[in-house]
Each structure stands twice: as structure tokens, then as C-alpha cells.
2 protein chains.
Amino acid sequence: MDSSEKKYGAYRLFFGALATDSRLHLLNALRKGRKNVSELCQLTHCEQSLVSHNLKILEHHGMVFVEKKGKFRYYKLNEKTITPLLQLIDTHMKQYCCKILEGERTTEKMQHEHHH
Amino acid sequence: MDSSEKKYGAYRLFFGALATDSRLHLLNALRKGRKNVSELCQLTHCEQSLVSHNLKILEHHGMVFVEKKGKFRYYKLNEKTITPLLQLIDTHMKQYCCKILEGERTTEKMQHEHHH
DNA sequence: TATATATATGAATGCTTTTTCATATGAAAA
DNA sequence: TTTTCATATGAAAAAGCATTCATATATATA
């Protein structure tokens with residue numbers, strides 16, 4: 001296997017970090033300002049260990065920064081990259097959201113399927 | 001489960017479509033202008049069925065457009081979204097690429113591990 | 001120091017997605 | 001109209017990832 005194996009690695013990992021509802025939910029919550037872990041748990045309705053795992057990933061990719069303050073940890077967006085990125089996609093979605101979601105498999109549909 | 005299940009669905013799918021080497025390779029090849037499937041196979045060193053599967057996904061997300069011409073199909077970037085998106089990440093990567101790749105598991109490392 | 005609160009981590013589980021293989025479709029050329 | 005070339009598709013195998021659970025660490029407070 002040639003060197004192109006690693007060529008897109010960082011890009012793939014970066015976009016992969018944006019490819020779950022739970023992490024997108026976190027980033028969106030942080031759009032309105034910095035928050036600590038407990039606050040983020042409440043806002044996203046996710047349990048604490050998941051939030052911590054996810055924040056670690058987001059931080060590792062330079063998507064958020066952390067500030068320690070006592071026993072709390074405040075996370076905030078990397079506004080230079082993430083704000084314009086999300087804005088770009090917001091615009092894209094105005095046109096393509098429906099097409100992207102069409103044919104999407106939901107829990108509801110799967111349960112419905114079961115009852116046949 | 002509440003309605004937030006679907007809330008970020010389109011965004012998750014969009015970023016997921018950017019989270020493989022093979023599809024990033026395709027987009028990068030298209031940065032230099034439109035190409036047909038066979039050309040993209042050569043440029044990316046991927047087999048044809050994979051390229052077709054991937055192009056379908058990219059098209060479904062509004063990332064590329066297709067033009068039929070005889071028995072060929074020419075694909076081109078959605079420059080409105082994808083060009084600035086990739087540029088934004090190019091810039092981000094200048095700073096974070098190394099951190100993102102650090103600790104990354106490569107085929108080489110895994111094979112080395114095996115020999116112990 | 002003992003206890004409570006906030007956050008992080010590791011391992012296991014299950015789920016989703018990529019990739020491959022075999023085959024189908026569709027358009028042109030012989 | 002048979003053959004060839006270009007591309008698409010479906011299903012199965014392989015790979016990768018999110019989430020959970022149990023537990024650890026770290027900081028503050030009684």
C-alpha cells in the first residue's frame with residue numbers, strides 16, 4: 001500500500017469527529033458561549049461519560065478549547081474554524097437538507113417494520 | 001426518545017460523507033476540474049465499483065454534480081460549498097494536523113505489533 | 001482526613017459504514 | 001444485433017465507531 005494511505009488521514013479524522021449527533025449537539029450548545037461539562041450534559045441530555053469522551057475528541061481536533069477553573073472545566077468553541085464551518089453548512093443545508101434526509105432510516109421506521 | 005434524534009441528522013450524514021480517505025481523495029481530484037468515473041479510478045487508485053458507490057454518496061449530499069455525455073459521466077465539485085469548506089480545513093490543518101494524527105493507528109504499526 | 005462533587009478513562013458491547021465481489025444496465029461501435 | 005466499453009447496483013464481508021458501564025482521578029468542603 002502506497003503513501004496515500006495516510007495522505008487524507010487527518011482530514012478523515014477531522015470530519016469523522018463531526019459525524020455524530022451527540023458531538024454536533026455539543027458544538028451547537030457551545031455556539032452560545034462557553035459551558036462546563038455538567039451544563040453540557042443538561043443541555044444535550046447526554047450522560048456525563050459520553051460528554052467527556054466527546055469533548056476529548058473535539059479538543060483533540062482543535063474544535064474546542066478548555067479552561068480549568070477550580071473543579072470545573074469550561075469548554076469553548078474554536079471560533080476561527082468552527083463558526084464559519086457551521087455557517088457554511090447551514091447555508092448548504094437550506095438547499096440540500098431534505099434530499100440528504102430522504103430515505104434516512106429512523107428508529108420509528110425500523111420498529112414499524114418489526115410489526116409486520 | 002425525543003425529537004432531537006433527527007435534529008442533527010442531516011449534518012451528521014453530511015460530515016460522515018467526508019469521513020473516508022477514498023471520498024476525500026475523489027473530492028481532491030475534482031478540485032482540478034471535472035472528471036469521468038474511469039479518470040477518477042486512475043487518479044485515486046480505487047476500483048470502479050467503489051468509486052461509483054462513493055460518487056453516488058457525494059452527489060446525494062450535494063457535494064458534486066454530474067453531467068451525462070454519451071456513455072461517460074462527468075462529475076464536478078459543488079464549488080459554492082466544497083471549495084471554501086476544504087480551504088477552511090486546509091488552514092485549520094496547518095495548525096492541528098500533527099496533533100490530530102498523533103496516536104493514530106497505522107497499518108505499519110499494527111504489523112510491527114504482530115511480530116512480538 | 002473524610003466526604004461530596006466534577007470530570008476523565010478503559011474496556012466491552014453493539015451498531016453503522018466501508019469495501020469487495022459478482023452482476024446488471026446502458027450506450028456506442030463493429 | 002452482437003460485442004465492447006463505461007458505469008451502477010445489491011448483498012455479504014470486513015472494518016471502524018459510538019455508547020455504556022464501572023471505576024478512577026482531582027478538586028473542594030465539612
Side-chain angles (χ1 to χ4, degrees), chain A residues 1 4-5 8-9 11-27 34-61 64 66-75 100 103-107 109-111, chain B residues 1 4-5 8-9 11-27 34-61 64 66-75 100 103-107 109-111:
Chain A
M1 190 174 268
S4 69
E5 180 197 354
Y8 298 96
Y11 285 66
R12 165 176 49 82
L13 293 166
F14 180 92
F15 288 120
L18 295 170
T20 76
D21 281 0
S22 53
R23 286 195 289 270
L24 289 168
H25 208 139
L26 284 173
L27 290 178
R34 73 172 206 178
K35 305 266 185 304
N36 66 41
V37 177
S38 303
E39 289 170 332
L40 288 168
C41 288
Q42 285 179 235
L43 285 168
T44 64
H45 307 104
C46 287
E47 59 178 348
Q48 181 267 319
S49 73
L50 177 56
V51 170
S52 283
H53 278 303
N54 280 336
L55 287 169
K56 188 181 189 180
I57 290 169
L58 295 175
E59 196 202 354
H60 181 250
H61 289 84
V64 303
V66 62
E67 289 167 20
K68 298 185 191 190
K69 189 142 197 173
K71 59 179 170 180
F72 298 95
R73 285 178 169 232
Y74 286 89
Y75 285 87
I100 290 174
E104 172 65 343
R105 162 158 295 248
T106 67
T107 307
K109 276 181 197 164
M110 290 168 66
Q111 286 174 346
Chain B
M1 188 175 271
S4 70
E5 180 197 353
Y8 298 95
Y11 285 67
R12 166 176 48 84
L13 293 167
F14 180 92
F15 288 120
L18 294 170
T20 76
D21 282 0
S22 53
R23 286 196 289 270
L24 288 167
H25 207 140
L26 284 173
L27 290 178
R34 72 171 209 178
K35 305 267 186 301
N36 65 40
V37 177
S38 303
E39 289 169 333
L40 289 169
C41 288
Q42 285 179 236
L43 285 167
T44 64
H45 307 103
C46 288
E47 57 177 349
Q48 180 267 318
S49 72
L50 177 56
V51 170
S52 283
H53 277 304
N54 280 336
L55 286 169
K56 189 181 188 179
I57 290 169
L58 295 175
E59 197 203 352
H60 181 250
H61 289 84
V64 304
V66 61
E67 290 168 20
K68 299 186 188 188
K69 188 140 196 175
K71 58 179 170 177
F72 300 94
R73 284 175 171 234
Y74 286 90
Y75 286 85
I100 290 174
E104 173 64 343
R105 160 157 296 249
T106 67
T107 306
K109 276 181 197 163
M110 291 170 64
Q111 286 173 346

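All values below come from the heavy atoms of this structure, side chains included, with hydrogens, waters and symmetry mates left out. Chain naming here is simple, since letters A, B, ... match the order of the sequence lines and numbering starts at 1 in each.
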Rounded to the nearest Å, what distance is computed from the CD atom of residue A:Glu47 to the P atom of nucleotide C:dT13?
17 Å
To the nearest Å, give me how far apart OH (B:Tyr8) and P (D:dA18) are.
17 Å
Measure the distance from CG on A:Leu13 to C1' on C:dT17 and round it to the nearest whole Å.
15 Å
Counterpart base for C:dA30, defined by Watson-Crick or G-U wobble contacts under 3.5 Å
D:dT1
Is the A:His25 ring parallel, tilted or perpendicular to the B:Tyr8 ring (thresholds 30°, 60°)?
tilted
So does A:Glu39 get a backbone contact from the side chain of A:Gln42, meaning a donor-acceptor N/O pair under 3.5 Å?
no
I need the CG-P distance between A:Leu58 and C:dA8, as an integer number of Å.
12 Å
Got a second to check how far B:Leu26's CG is from B:Asp21's CG, nearest 0.5 Å?
11.0 Å
A:Ser52: side chain to side chain donor-acceptor pair (under 3.5 Å) partners, not counting sequence neighbours:
A:Gln48
Each nucleotide in nucleotides 3-13 of chain D should get exactly one letter: B, S or -. Can you fill that in based on protein heavy atoms under 4.0 Å?
--BSBBBB---
On the 0 to 90° scale, with breaks at 30° and 60°, tag the B:His61-B:Phe14 ring pair as parallel, tilted or perpendicular.
perpendicular
Can you name the side chain to side chain donor-acceptor pair (under 3.5 Å) partners of A:Glu67, sequence neighbours left out?
A:Arg34, A:Lys76
Can you tell me how far C1' of C:dG10 sits from CD1 of A:Ile57, to the nearest Å?
14 Å
Can you tell me how far C1' of C:dT5 sits from CD of A:Gln42, to the nearest Å?
14 Å
Rounded to the Å, how far apart are A:Lys35 NZ and C:dT7 P?
14 Å
Using whole Å, what does the distance between atom C1' of nucleotide C:dC15 and atom CG of A:Asp21 come to?
14 Å
